[in-house]
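In what follows, every chain begins at residue 1, and chains take the letters A, B, ... in the order their sequences are listed.
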Amino acid sequence: MTIQQLLSQRVQAALAAAGAPDAPAIVQPSGKPEFGDFQANGVMGAAKALKTNPRALAQAVVEQLDLDGIAEKIEIAGPGFINIHLAPEFLAGRLQAALTDDALGIARPVPQKVMVEYSSPNLAKEMHVGHLRSTIIGDAIARVLGFVGHDVARCNHVGDWGTQFGMLVAYLLETRQSGDAELELADLENFYRKAKVRFDEDAVFADTARNFVVKLQGGDAEVLALWQQFVAVSMAHCQEVYDKLGVGLTLDAVRGESAYNDDLPVVVSDLRAAGLLVEDQGAQVVFLPEFKNPEGEAQAMIIQKKDGGYLYATTDLAAVRYRHRTLDLKRVIYVVDARQSLHFQQLFTLSKKAGFAPADMVLEHVAFGTMMGEDGRPFKTRSGGTVKLVELIDEAIERAYALVSEKNPGLAEDTRRSIARAVGVGAVKYADLSKNRTSDYIFNWDTMLAFDGNTAPYLQYAYTRVQSVFRKAGDFNAAAALFIAEPAEKQLALLLAQFDEVIESVASTCQPHQLCGYLFNLAQQFSRFYEACPILAAEGAVRDSRLQLAALTARTLKTGLELLGIAVLDEM
RNA sequence: GUGCCCGUAGCUCAACUGGAUAGAGCAACGGCCUUCUAAGCCGUAGGUUACAGGUUCGAUUCCUGUCGGGUGCGCCA
């Protein structure tokens with residue numbers, strides 16, 4: 001149980017004892033140090049409901065409040081706030097427990113079968129910056145859910161099906177016959193462009209391409225083999241990006257759109273049997289009264305085109321059903337661009353209505369905004385083209401290398417190279433993760449790679465400072481008692497003790513920026529502690545205790561950064 | 001036209017979902033290195049939370065309207 005939950009329970013009980021059994025305690029970390037460590041705000045509302053004086057009720061609550069061994073001081077302030085100052089011994093005890101726990105003392109909820117669907121690029125083309133946010137945010141969420149103990153399945157719902165694959169496969173056959181296939185496939189973007197040119201210019205080629213779509217759908221072995229070859233090459237490109245980014249996606253996570261092909265007619269017939277499907281203008285559609293079109297009528301969701309083809313709504317419905325019936329998932333998180341919000345609302349609504357997912361299955365669209373350039377417009381190259389993801393990552397690493405070489409030229413070339421990888425990739429990820437995902441965000445090389453401010457390099461640097469202390473500390477007693485005396489120690493301890501709260505919150509809200517904000521506060525507070533409280537120059541028990549604080553700080557920073565997919569370094 | 005999201009310091013962003021005097025970081029200005037990495041720390045300045053109402057003990061947060069921006073709205077994904 002987190003401190004906040006513990007306090008909440010106790011205040012709740014006190015409120016009940018004071019005559020307000022149904023009033024919420026509303027316990028939060030205090031806004032300012034002079035208001036204590038935590039504050040309970042529930043009294044004002046409760047007093048209102050009971051039509052009594054809030055100060056008097058606060059007094060009654062405090063008299064009933066049992067915080068023995070937890071708080072050293074409880075005050076009533078303002079109109080009826082209850083300010084709680086935690087006892088240093090209590091905090092020290094919490095930290096001591098975290099030190100001896102691999103999971104840093106976080107509470108383990110009942111494990112749940114959860115899926116995070118993320119990245120999901122279209123295999124027809126090379127990955128570009130548009131795939132970055134889903135890939136990074138989804139990976140962080142998957143890591144956090146795994147850390148709290150859930151059974152996490154990662155799903156890369158790649159686009160490996162659709163009409164453009166006929167064209168690509170036809171072009172693949174052509175380049176293979178001329179012996180250039182391997183060369184051409186090395187640059188997928190170019191491959192797609194050339195195939196498109198052939199399609200537009202050559203009627204015979206276009207016919208072949210269309211014919212291949214039909215053969216592909218019909219399961220023609222030869223065309224299927226070509227398709228598989230293309231998909232494999234494209235996936236290898238993706239894997240290169242994932243490896244470079246340090247994202248935990250592998251081939252086992254891939255389950256593309258094509259995997260649901262056989263089930264699509266069944267989805268249609270089941271919807272029809274359920275009385276949900278109607279024919280309209282030649283297409284098979286479901287009208288959902290929950291969503292109105294501009295005319296105020298139920299909005300249509302197309303399940304099958306008039307030419308018999310299926311759409312991604314159909315595939316997504318099949319996927320929901322598979323995830324329930326076969327995988328038995330209790331929660332599915334879709335990390336997808338905010339622009340698809342309406343689609344997901346419709347998908348979730350229809351899935352439940354059609355019985356493809358039970359009412360208590362949690363389906364959530366974890367939406368995110370667009371990545372913008374410094375001009376506030378979608379991020380593009382100078383010439384206006386899309387930026388390839390590999391190139392973006394390489395540039396980040398190059399920029400980091402230049403910075404590290406400038407700051408610390410004494411380090412060996414190899415060392416600087418590996419620092420540059422961690423710093424460059426970390427900077428890109430952190431810049432994204434540290435912002436509220438729902439809004440658009442502005443991509444800026446200089447701010448994300450700055451060594452000061454709320455950036456990955458600052459956090460990585462803070463970590464190396466702690467590591468440096470331990471390099472010089474020699475032997476220290478890992479079982480030493482931890483106690484809190486100085487204000488800087490108290491503030492650091494308080495933050496360390498709130499790690500579990502942040503993790504729990506990120507796991508439920510899927511908002512990694514909360515973890516970023518927390519780690520930044522922690523790093524900053526550690527630096528204050530580092531300035532105010534000499535560690536190695538201290539003696540005896542004080543030295544041991546401060547080393548314990550430093551050790552827990554290091555582990556918390558490392559764990560937190562790794563949950564964001566960011567590597568830590570011993571020196572930089 | 002209509003649905004959704006958004007508008008907070010010069011800039012980039014927070015504000016634990018209704019709590020106290022709206023906080024950080026850049027940038028600006030001023031301090032602190034013979035002492036654990038100064039890639040750091042301390043301080044100063046910077047605000048009518050787009051605007052106008054409403055709800056209540058209390059609003060950046062909830063409701064209504066206005067203005068401004070983004071994005072979606074039946075055979076792409």
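Rounded to an integer number of Å, the gap from A:Ile535 CD1 to B:U35 P is 16 Å. Straight-line distance from the CZ atom of A:Phe344 to the P atom of B:C73: 14 Å, rounded to whole Å. At whole-Å resolution of the value, CG in A:Asp337 and P in B:C73 are 12 Å apart. Rounded to an integer number of Å, the gap from CG of A:Asp160 to P of B:A77 is 12 Å. Atom pair A:Trp161:CH2 and B:A77:P shows a separation of 13 Å (rounding to whole Å applied). One atom, CE of A:Met301, and another, P of B:C76, lie 15 Å apart when rounded to the nearest Å. Atom CG in A:Leu342 sits about 8 Å away from atom C1' in B:C4, given to the nearest Å. Atom CD of A:Gln346 and atom C1' of B:C73 are 9 Å apart (whole Å).
Taking side-chain N and O atoms only, A:Lys306 has no distance below 4.0 Å to OP1 or OP2 of B:G74. A:Lys292 has no side-chain polar atom (N or O) that falls below the 4.0 Å cut-off from OP1 or OP2 of B:C73.
Within the 4.5 Å cutoff, side-chain heavy atoms of A:Met372 are placed close to those of A:Pro378. Between A:Ile442 and A:Thr447, every side-chain heavy-atom pair lies at or beyond the 4.5 Å cut-off. Using a 4.5 Å heavy-atom threshold, the side chains of A:His365 and A:Phe348 count as touching. Within the 4.5 Å cutoff, the side chain of A:Val423 has no heavy atoms near those of the A:Leu403 side chain. Between A:Leu433 and A:Ile137, some side-chain heavy-atom pair lies under the 4.5 Å cut-off. When side chains are defined from C-beta on, A:Tyr260 counts as touching A:His157, because their heavy atoms get closer than 4.5 Å. By the 4.5 Å heavy-atom criterion applied to side chains, A:Leu347 and A:Tyr312 are not counted as neighbours. Side-chain contact between A:Glu571 and A:Ser468 is absent, with no heavy atoms from C-beta onward closer than 4.5 Å.
Comparing the P positions of B:U21 and B:U66 gives a spacing of 32 Å, expressed to the nearest Å. For the C1' atoms, the distance linking B:C13 with B:U2 amounts to 32 Å, nearest Å. Here, B:C6 and B:A50 have their P atoms 12 Å apart, quoted to the whole Å.
Aromatic pair A:Phe529/A:Phe526: centroids less than 6.0 angstrom apart. Side-chain rings of A:Tyr334 and A:Phe344 approach one another, their centers coming within less than 6.0 Å.
The side chain to side chain donor-acceptor pair (under 3.5 Å) pairs that include a residue from residues 535-552 of chain A are A:Glu489-A:Arg546, where partners are two or more places apart or lie in different chains. Sorted by first and then second residue, the ring-ring contact (aromatic ring centres under 6.0 Å, His included) pairs with a member in residues 37-60 of chain A form an empty list; sequence neighbours excluded. Screening residues 402-411 of chain A for side chain to side chain donor-acceptor pair (under 3.5 Å), with sequence neighbours left out, gives A:Ser405-A:Arg416.
In this structure, the side chain to side chain contact (heavy atoms under 4.5 Å, CB included) partners of A:Asp446, at least two apart in sequence or on a different chain, are A:Arg399, A:Asn444.
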Identify all side-chain donor-acceptor contacts of residues 299-308 of chain A below 3.5 Å with residues at least two apart in sequence or on another chain.
residue, atom, partner, partner atom, Å
A:Gln304, NE2, A:Gly308, O, 2.9
A:Asp307, OD1, A:Gly309, N, 2.8

Side-chain donor-acceptor pairs under 3.5 Å in residues 122-136 of chain A, sequence neighbours left out?
residue, atom, partner, partner atom, Å
A:Asn122, OD1, A:Ala124, N, 3.0
A:His128, ND1, A:Gly130, N, 3.0
A:His131, ND1, A:His128, N, 3.1
A:His131, ND1, A:His128, O, 3.4
A:Arg133, NE, A:Asp432, OD1, 2.9
A:Arg133, NE, A:Asp432, OD2, 3.3
A:Arg133, NH1, A:Gly369, O, 3.0
A:Arg133, NH1, A:Ser439, O, 3.4
A:Arg133, NH2, A:Asp432, OD1, 3.1
A:Ser134, OG, A:Ser119, N, 2.8
A:Ser134, OG, A:Val335, O, 2.8
A:Thr135, OG1, A:Ser119, OG, 3.0
A:Thr135, OG1, A:His131, O, 2.6

Expected rows: protein N/O vs nucleotides 17-20 of chain B N/O, under 3.5 Å:
residue, atom, partner, partner atom, Å
B:U17, OP1, A:Gln28, NE2, 3.3
B:G19, OP2, A:Gln28, NE2, 3.3
B:G19, O2', A:Gln39, NE2, 3.4
B:A20, N7, A:Gln39, OE1, 3.4
B:A20, N7, A:Gln39, NE2, 3.4
B:A20, N6, A:Asn83, OD1, 2.4
B:A20, N6, A:Asn83, ND2, 3.2
B:A20, N1, A:Asn83, ND2, 3.4

Next on the checklist: Pairs counted only when both distances fall under 3.5 Å, Watson-Crick or G-U: show me the 5' to 3' dot-bracket for RNA chain B, [ ] for pseudoknotted crossings and | for other-strand partners.
Outcome noted: (((((.(..((((.....[...)))).(((((.......))))).....(((((..]....)))))).)))))....
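Evaluated for a side-chain hydrogen bond (donor to acceptor under 3.5 Å, both in side chains) with A:Asp37, the options A:Lys73, A:His85, A:Gln498, A:Lys490 yield exactly one hit, A:Lys490.
One distance of note links CG of A:Asp440 with NZ of A:Lys435; it measures 12.5 Å at 0.5 Å rounding. Atom CG of A:Leu363 and atom OG1 of A:Thr349 lie 9.5 Å apart (nearest 0.5 Å).
Under the 4.0 Å criterion applied to side-chain N and carboxylate O atoms, A:Arg471 and A:Asp570 are not assigned as salt-bridge partners.
Where A:Leu311 and A:Glu34 each meet RNA chain B at their nearest nucleotide, the meeting point lying more 5' is that of A:Glu34. Looking at which nucleotide of RNA chain B each of A:Asp280 and A:Asn408 is closest to, the 5′-most match is held by A:Asn408.
The stretch residues 455-467 of chain A touches RNA chain B through A:Tyr458, A:Tyr461, A:Thr464, A:Arg465, each having a heavy atom within less than 4.0 Å of the strand. Using a 4.0 Å cut-off on heavy atoms, none of the residues of residues 421-431 of chain A approach RNA chain B.
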Checklist entry - What string of B, S and - do you get for nucleotides 27-32 of chain B, 5' to 3', when a contact is any protein heavy atom under 4.0 Å? => result ------
Checklist outcome for this item: Its contact letters, B for base, S for sugar-phosphate only and - for none at protein heavy atoms under 4.0 Å, make nucleotides 9-14 of chain B read ---SSS
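Taking 90° from 0 as the syn/anti boundary, the base of B:C13 is oriented anti.
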